[in-house]
**Student:** 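Quick one: this structure, given as structure tokens, is what I'll be asking you about.
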Amino acid sequence: MSFQPEAGESIRLFKRRYTFPKHPAVQGIDIPYGQEGRQGTVYQIKEDNTRNKAALKVFRERFKNKNQVKLSEQLKNYSSFYGLSACLRSVIEEGEHARLIGQFDDLEYSLIMPWIDGPTWADILMEEQALSKETCLRISCMLSFLLKELEEAGIAHCDLSSSNVILPFLQEKARPVFADIELIDIEELCAPELSEPKALPGGSPGYAANYVKDGVWSKDADRFAGAVLLAEMASWHQEDVRRLKGDDFSYFDTDEMQNETERYKTLLVALEETLGEQAVQLFKQVWKSKRLDDCPSFSEWFALFPEHVRNFVSASHEKYMASKKPSVPLGAVSLDTLLHIAAAFEGLGNKKAAHSEYQFIMNHFPEQKAVVEELQMLLNEDEENTRPELNLNPAHYLEAAQHFEKLQDWNTALIFYTRCTQLPSVDFTTKEELSIIIEELQNQVRAEAEQQSTAEKLKQIAEEREKATAAALAEPLEARKAERPKFNIQQFFLRHWKWMIGTAAAVCLGIGLYYMYQASQEKKWHDYIKQGTEAFSQRRYSEAQQYIQQAIDKKPTEDLYTKMATIYISQGQNQQAIQYLSDLKFKKEISPKNAEANYLMGRAYFIDKNYGEAIPYYAAAYKDKKNKYYQDTIRDLVISYASINQLKKANTLVEQLQGKDNKSKAFIAYLKGDLYSRQGKGTEAVDSFEESVDLDPANKKYIKKLVEAYINNNKTNQTDDSMKTKTYENAISLANGLLREDYTNIDYLNLTGQLYYEYGLFAEGKKQKAKSQNLYKEALNAYNQVTELGIQERNTMLNTGILYEKVGDKSKAEATYKKVIKLNPIYGHAYFVYGMFQIKEKNYKKALPLLKKVIQINEDPTDVNLAKERIKEMKVKKVLI
């Protein structure tokens, strides 16, 4: 069942009851406070009987997987950093929430995160809120300090913008659990031990350098965008800067980045008046940079601020960190374990953490007088000769635990994780995550304890035999000086037959065990490959990666290397796949002529739309006619050439292909049609797709492409009205044929709905009212079938509302529009369509907030401009009075 919370509805998560509050920005409609993002929807939830607020992130189906959960589990390690509270998150899994997930399967792998109150910098820009010079200096200095701290730790946000910086500092009743400045939308965070995201963030409009628009993920990733942000923050107190802002979300327009425009020159003047000439030089360095490492570090920016401002920010930071110090209850860990933890901290060089543990022991084990006295002497010898302040910081324990995990010292890592769960500053979400880690480590310890391989046993036998032989050779030299009798083989055998037979048996046993071991290892190798292949076929990619890596560790082959690269690509880790195969080629562990490896490298570049880099690898793979990816290679190579406007090469490649049978000829025709489509040659595309369908009438992909080509071609002036009518009729026949074979196929239903809708618009334009109404009803029927299948995709639902309006059912149209907005509270186009509906109905007061919402959140400039025009018209006509 789909999860669609109502305002005021409650939900129980991690043994706590929460309620969904009403969205404060939406008037006239009671919908929950939610924000829709690229990967899912984030709802605000409030804990009953307390003031605590949290964020519930529900992923869309395509993003709901264990890889996303793994990322969330890794991010928690950075939640203790100043300004990264958004990294603290817990995963909703079936183990503790079986009943809830059984009712709403959408909630599996959802996340609970902190809800951070306060305006974003985008809110300040949008409202053109005037701030004092001192306030602007403090905000800008806070950002430079935060980014300096992160940069020094090797961390970068990677997608900085005005919308991703929250300022609890400006909140009237700020919650002390958050820093004065916080970063959100941290899914693409670059940090030690985090993996590169599937899709690299290309930067936000008004903040991204021209040279990083294809995406960047590195510790220096924030240097350009961060400098633009802090410069605009520092200068915002000047009216000239506020007046010249590019749009509601940034000072600069996207198309003027790194150009010496009026805004750029105005900002330089404001920077000089605010922070001095050195700030101007730093910003010029940023603006003229060609690479991120050309930009100054955030330490250089922080040093520019007046001393009193830096002192204010440092004091704010210290106050926040001090507020995180816990009161410490008596834990259940033994004295010996606590002493072991403290000694381990000493060994790691973390004297402060060790002394905090010593202080804890002294406070809670006073009966152990000898231990307390010894610790007191140790602490009195401290450099400052003062009793250390008790500060059991969870970050120290997590850092130590991860260190021992890397060393595969599972038992010590377990001790630190367990101790961390007992610290009162660790909330329920972190404890939940730690319990998962602890369980995994306990399984690891048990597995290793149970395994003593045959190889180890053989080694033990060999060592014992070697010791026995060495002992036999160690008799005194004097005993050998006496003349020995002649060697008698019969007597020797009679005396030593038991030893000889035992030795022979041991050797035979050793050989037998060795071959048994080899056979068992070979079987295990094949089992790993089989399990990895099965996991991959079921899209359990992390599991598949684990099995294939185990197989590689036992016996690497080129086939296994390409399997691993395929797994990386299937997970969207295209750059990792490229690097992986490149390294193998460099180390000559995989042949540069390996067709599958070349295809996969081309494919990784192709998916990232880096067609120029993909072509050489595809060309290499294309040379091997026996390559199992041969047809895929041709297809992608043709598209790659077409995408970089090398149409002559694409056409030449297609023309060189010779099909041996109807299926291969159909494939060639399909490639030609795809190429014609990309060139805007609608008629030729239709002809080629028709040929592919004639040659291979059972191929549904070709039929679907032909229908799409009919629709696109009919939107042009390449054919007359009679031909368009004939084309629509033919397309409808094909689409209905697809549905007859698979009447629940969502793609086919959506395609059919679009087809009838376009045909209806055509008939309406020709004043064929009855015909257009019938066609709209057919389109409505197709879209309703999609909805009945439980699919609530926003475009399909919005189209349904538009069709209800077309057929004159205004009540259902309005109800549908409301439902779309309820499920997608930041879907700007839905507000636009609903607002225009209200204008048609002359409900101008209802239309106004909807159109204002369009201006606020819609990314489509056409919708925004029309909304502004309609609001202006309503004000001129005075229909809002």
Side-chain angles (χ1 to χ4, degrees), residues 537 595-596 599 602-603 606-607 618-619 621-643 647 649-716 718-719 723-724 726-756 758-759 782:
S537 66
E596 187 171 355
Y599 167 77
R603 185 65 182 166
F606 181 88
I607 294 170
Y618 277 143
Y622 173 63
K623 293 177 182 178
D624 185 354
K625 302 295 188 288
K626 296 180 181 179
N627 174 16
K628 66 179 180 180
Y629 296 111
Y630 187 61
Q631 286 200 332
D632 293 331
T633 301
I634 299 171
R635 177 200 65 209
D636 290 354
L637 193 51
V638 169
I639 295 170
S640 296
Y641 280 133
S643 298
L647 302 178
K649 287 185 178 180
N651 285 317
T652 300
L653 185 62
V654 172
E655 294 300 331
Q656 288 176 350
L657 294 173
Q658 297 295 326
K660 295 180 180 179
D661 52 30
N662 282 349
K663 283 190 180 253
S664 58
K665 290 177 182 177
F667 177 71
I668 295 169
Y670 163 76
L671 282 178
K672 290 180 179 179
D674 192 56
L675 185 56
Y676 284 133
S677 295
R678 291 175 176 274
Q679 295 174 270
K681 297 180 179 180
T683 303
E684 291 88 341
V686 166
D687 292 341
S688 293
F689 286 132
E690 283 180 338
E691 183 182 352
S692 68
V693 171
D694 290 340
L695 290 166
D696 189 2
N699 193 310
K700 297 180 178 61
K701 179 172 69 174
Y702 298 166
I703 297 172
K704 185 171 178 286
K705 274 288 185 181
L706 177 56
V707 173
E708 291 172 349
Y710 280 147
I711 294 173
N712 291 330
N713 199 33
N714 271 5
K715 291 180 181 179
T716 69
Q718 295 183 19
T719 56
M723 181 56 71
K724 285 183 179 180
K726 183 179 178 181
T727 299
Y728 277 127
E729 296 293 345
N730 192 20
I732 287 171
S733 176
L734 290 170
N736 285 330
L738 290 173
L739 281 174
R740 276 194 295 273
E741 294 189 30
D742 190 357
Y743 65 91
T744 61
N745 187 296
I746 305 302
D747 288 338
Y748 298 164
L749 286 168
N750 275 321
L751 182 63
T752 304
Q754 182 189 359
L755 178 57
Y756 277 115
E758 295 290 346
Y759 194 8

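Position 1 is the first residue of the sequence, and the numbers go up from there.
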**Student:** Walk me through whether K704 and D747 qualify under side-chain contact (heavy atoms from CB on, under 4.5 Å).
**Tutor:** CA-CA 9 Å; K704 185 171 178 286; D747 288 338; 4.0 Å; yes
**Student:** Could you walk me through whether S664 and D661 pass the side-chain hydrogen bond (donor to acceptor under 3.5 Å, both in side chains) test, one step at a time?
**Tutor:** CA-CA 6 Å; S664 58; D661 52 30; 2.9 Å; yes
**Student:** Would you give the length of the straight line joining atom CG of L675 to atom NZ of K681, rounded to the nearest 0.5 angstrom?
**Tutor:**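 If we round to the nearest 0.5 Å, L675:CG and K681:NZ are 8.0 Å apart.
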**Student:** CD/E741 to CD1/I703 distance, rounded to the nearest 0.5 angstrom?
**Tutor:**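 Interatomic distance, E741 CD to I703 CD1, rounded to 0.5 Å: 7.0 Å.
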**Student:** For a quick test of your reading: what N or O donor-acceptor pairs under 3.5 Å do the side chains of residues 686-698 make, sequence neighbours left out?
**Tutor:**
from, atom 1, to, atom 2, distance (Å)
S688, OG, E684, O, 3.3
E690, OE2, Y710, OH, 2.5
S692, OG, F689, O, 2.7

**Student:** I need the L738 CG to T752 OG1 distance, nearest 0.5 Å.
**Tutor:**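 Answer for the CG-OG1 pair, L738 versus T752, is 7.5 Å.
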**Student:** Please find the pair of heavy atoms, one from L739 and one from N745, that lie closest to each other, and give the distance.
**Tutor:**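 Scanning both residues, the minimum pair turns out to be CD2-O, 4.5 Å.
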**Student:** Please report the closest heavy-atom contact between A621 and A595, naming both atoms and the distance.
**Tutor:**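 Minimum heavy-atom contact is CB-O, 3.6 Å.
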**Student:** Within a strict 4.5 Å, meaning less than it, do heavy atoms of the Y599 and D636 side chains meet?
**Tutor:**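 When only atoms from C-beta onward are counted, D636 and Y599 do touch, with a gap below 4.5 Å.
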**Student:** Could you give me the CA-CA distance, side-chain angles and deciding distance for Y748 and K700, then say whether side-chain contact (heavy atoms from CB on, under 4.5 Å) is met?
**Tutor:** CA-CA 10 Å; Y748 298 164; K700 297 180 178 61; 3.2 Å; yes
**Student:** What distance do T727 atom OG1 and I732 atom CD1 have between them, rounded to the nearest 0.5 Å?
**Tutor:**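 Between T727 OG1 and I732 CD1, I get 11.0 Å after rounding to 0.5 Å.
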**Student:** Who are the side chain to side chain contact (heavy atoms under 4.5 Å, CB included) partners of I668, not counting sequence neighbours?
**Tutor:**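 V654, L657, K672.
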**Student:** Is the backbone of A709 close enough, under 3.5 Å, to the side chain of N713 for a donor and an acceptor to pair up by distance?
**Tutor:**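 No; judged by distance alone, with no hydrogens or angles, the pair does not exist.
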**Student:** Start with the C-alpha distance between I711 and L751, add both sets of side-chain angles, then the distance that settles side-chain contact (heavy atoms from CB on, under 4.5 Å), and finish with yes or no.
**Tutor:** CA-CA 10 Å; I711 294 173; L751 182 63; 4.1 Å; yes
**Student:** Tell me, with the steps shown, if L755 and V707 meet side-chain contact (heavy atoms from CB on, under 4.5 Å).
**Tutor:** CA-CA 8 Å; L755 178 57; V707 173; 4.2 Å; yes
**Student:** Got a sec, which residues hit salt bridge (charged side-chain N to carboxylate O under 4.0 Å, His left out) with E596, two or more places apart in sequence or on another chain?
**Tutor:**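 In terms of salt bridge (charged side-chain N to carboxylate O under 4.0 Å, His left out), with neighbours along the sequence ignored, E596 is linked to K628.
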**Student:** Ring of Y670, cation from K705 - is the NZ or CZ under 6.0 Å from the centre and inside 45° of the axis?
**Tutor:**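 No, K705 and Y670 do not form such a contact.
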**Student:** How long is the span from the CG atom in L706 to the CG atom in N699, to the nearest 0.5 Å?
**Tutor:**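 Between L706 CG and N699 CG, I get 11.5 Å after rounding to 0.5 Å.
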**Student:** Under 30°, 30 to 60°, or over 60°: which ring-plane class applies to Y759 and Y728, parallel, tilted or perpendicular?
**Tutor:**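 Parallel, since the angle between the ring planes stays under 30°.
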